[in-house]
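What follows is a set of notes on a single structure, which appears directly below.
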Amino acid sequence: MRNSTRHALERAAELTRKGRLVEAVATAEVVINAADEFESADIRQWLTDHADDFTRED
């Protein structure tokens, strides 16, 4: 996964924890839509591995 993709997903998780869901979705949507099939698989795995990043408190 590209560093920019990972950073966008981490930012989306941060925004979600802060209750800024619309911004979080917009941030993640850009990289998810731009991903090829290989990066999409990496994104799915990252989301599975880091699901708690979206719900834990800062």
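Here the CG-CZ distance, from Leu21 to Phe54, works out to 10.0 Å after rounding to the nearest 0.5 Å. The structure places CG of Asn3 at 9.0 Å from CD of Glu10, a figure rounded to the nearest 0.5 Å. Between the NE2 atom in His50 and the OG1 atom in Thr55 there is a gap of 13.0 Å [rounded to 0.5 Å].
Looking only at side-chain heavy atoms (C-beta outward), Thr5 and Ile43 come within less than 4.5 Å of each other. Residues Glu39 and Trp46 fail the side-chain proximity criterion, which asks for heavy atoms closer than 4.5 Å. Residues Arg2 and Arg6 have side chains not in contact (no heavy-atom distance under 4.5 Å, counting atoms from C-beta outward).
Nearest heavy atoms, Asp49 versus Asp52: O-OD1, 4.2 Å. Residues Ala12 and Ala24 approach most closely at O-CB, 3.3 Å, considering heavy atoms. When all heavy atoms of Ala8 and Val31 are compared, the closest pair comes out as CB-CG1, 3.7 Å. In this structure, Arg56 and Asp53 approach most closely via the heavy-atom pair NH1-OD1, 2.8 Å.
His7 NE2: 12 or fewer foreign heavy atoms inside a 6.0 Å radius.
In this structure, Arg11 pairs ionically with Glu14, as a charged nitrogen and a carboxylate oxygen lie closer than 4.0 Å.
Formation of a donor-acceptor pair under 3.5 Å by the Asp42 side chain with backbone atoms of Met1 is found in this model.
Ile32 and Leu15 fall into different hydrophobic clusters, where Ile, Leu, Val, Met, Phe, Trp and Tyr are joined by side-chain heavy atoms under 4.5 Å apart, directly or via other members.
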